[in-house]
Amino acid sequence: MKRFIIRGGRPLRGEVKISGAKNAALPLLFATLMLPGTSRLHGVPDIGDVRVALSILTAYGARIEREGDSLIVNTEHVRDIIPPREAVTAIRASTYLLGASLARFGHAWIQPFGGCHFADRPIDLHLAAAQAFGARQVGEELHAVRLRGVTHAFPLVSVGATVNALLLAAAAEGESLITGAAEEPHVTALIAFLQSGGADIRPVGRGAYRVAGRPLHGGEATVIPDMIEAVTYLLTAPMTGGDVIVTDVDPTQLAAPLSLLERSGVRVAYAPSSLRACGRATRPIDLYTYPYPGFPTDLHPPFAALLSQCGGRICEQVFPERFGYLNGLSSFGLRYSRSGPVATLSPSLLHAARAVATDLRGGAALLLAALHAHGQSEIDGAETVLRGYAALPEKLTHLGADILLADIP
Ligand code: EPZ
């Protein structure tokens, strides 16, 4: 296990370059499995979940070369296998094998997919989409002699199930209409990548896509910047009384969290591809998570660290159970109450503490508290946070943080 050792209470100042988004890179990687030929992916972040995804693709027989921060993925000779269970259960994005493997081989394995265990992570919407496109479930397997275009309306917005429905529709014979789907920037980016691989996919309104099955081939894409990483680093400014600039970002994707950040009293400066934050959070805010373009659920835990300063309420409408990290924040002195999907946080005097990161974004919240609190804090389970934040110790050190990453027995 790995431990962050942080001496907090120092203002963080400076500029940090945002990496490619974890949740954008992973769908692209798994989509290469269904695009026969060579795909080129640029700006792929070097993080734990990406390394796991690459190990799965290699197991299928994909040939992968890294050229700088680009990956060249050749899937010409991939073959249908039982994917390595340990890797599949390590990340949630392995759910995309359902769509990619059915599209390529007409067959897929249903395994215990992984991901942060902050809530129940069902796959019923994924399986319903697969069956709608013609797959049949037999035990732990999905079989599809042929995938056929359909109209599929999601009863609930699901990023992952939207990814699988797009993969299936792109390979299906005939026309599909998908409605009630997610429209996160990383879904839009996946569509552009599939289009570069020959797919015919057109957005036709809010959360709606029309798809015509086409012969597919290798594609090319640049991974979009990680909006969750970007705002997490911006939050280090109000948490430490610092002044932080994040570059290589698209501010238009961040309207919801940035407007809340400003409402809390933090000053935010906008530029075409960078953002700057300074000043403290002094005014209470109410935060409601919602699918894009709403407030991203993945920023709920990092914002909880901010609300330890200004107070406010969090209403978690995507993963109503996603509050386990609050126990860790209470070790730092956070005072809160919770009723179902709503938590009320009181302005609290935080102190250094020891805590355990139990999930990726909850771990980021603990880090923000440790950077704020004077004295030495320790956060175990640091590897959980490194799953989704590229070069995190280096980037925080560059901003002036006193942080060490230690291996512990
Ligand atoms: C993706 O998870 C992200 N993970 C999550 O980020 C993110 O929080 C989530 O989307 C929402 O934006 C990756 O991209 C790898 P969902 P996903 O399907 O696809 C319910 C992070 O920290 N649901 O959009 O699993 C589900 O329980 C991670 O980077 C079903 O009921 O999320 C939830 O309430 C954490 N049945 C809602 O839909 C299903 O079959 C949204 O989940 C699938 C989902």
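All ligand and atom numbering here is 1-based and tracks the order in the structure. Atom set for the values below is all heavy atoms of this structure, side chains included, hydrogens, waters and symmetry mates excluded. In what follows, residues are counted from 1 in the order of the sequence shown.
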Between Tyr389 and Arg361, a side-chain donor and acceptor under 3.5 Å |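 Short answer, yes.
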Would you mind reporting whether [Y] and [X] have side-chain heavy atoms less than 4.5 Å apart?
X: Phe30; Y: Leu167; answer: no
X: His42; Y: Glu220; answer: yes
X: Leu258; Y: Tyr270; answer: yes

Which is closest to atom 11 (C) of ligand 1 by heavy-atom distance: Leu127, Leu299, Thr297?
->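 Of the listed residues, Thr297 has the closest heavy atom.
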Got the closest protein heavy atom to atom 39 (C) of ligand 1, with its distance?
->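 Protein heavy atom with the smallest distance to atom 39 (C) of ligand 1: Pro122 O, 3.2 Å.
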Do any nitrogen or oxygen atoms of [X] come within less than 3.5 Å of a nitrogen or oxygen of ligand 1?
X: His186; result: no
X: Glu184; result: no
X: Leu125; result: yes
X: Ala93; result: no

How are the rings of Phe133 and His152 set relative to one another: parallel (under 30°), tilted (30 to 60°) or perpendicular (over 60°)?
->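 Correct class here is tilted.
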Any chance CZ of Arg40 has more than 12 other-residue heavy atoms, nucleotides or ligands included, within less than 6.0 Å?
->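 Count not over threshold, so no.
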Short N-O contact, Arg338 and Glu321, less than 4.0 angstrom =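 Counted as a salt bridge, because a side-chain N and a carboxylate O are separated by less than 4.0 Å.
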Please state which part of [X] comes within less than 4.0 Å of ligand 1, counting heavy atoms only: side chain, backbone, both or neither.
X: Ile228; answer: neither
X: Val159; answer: both
X: His126; answer: both
X: Phe118; answer: side chain
X: Asp298; answer: side chain
X: Arg387; answer: neither

Check contact between [X] and ligand 1, using heavy atoms of the residue and a distance below 4.0 angstrom.
X: Val157; answer: yes
X: Glu321; answer: no
X: Tyr96; answer: yes

Are Phe323 and His300 an aromatic pair by the rule of ring centers under 6.0 Å?
->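 So the answer is yes for these two rings.
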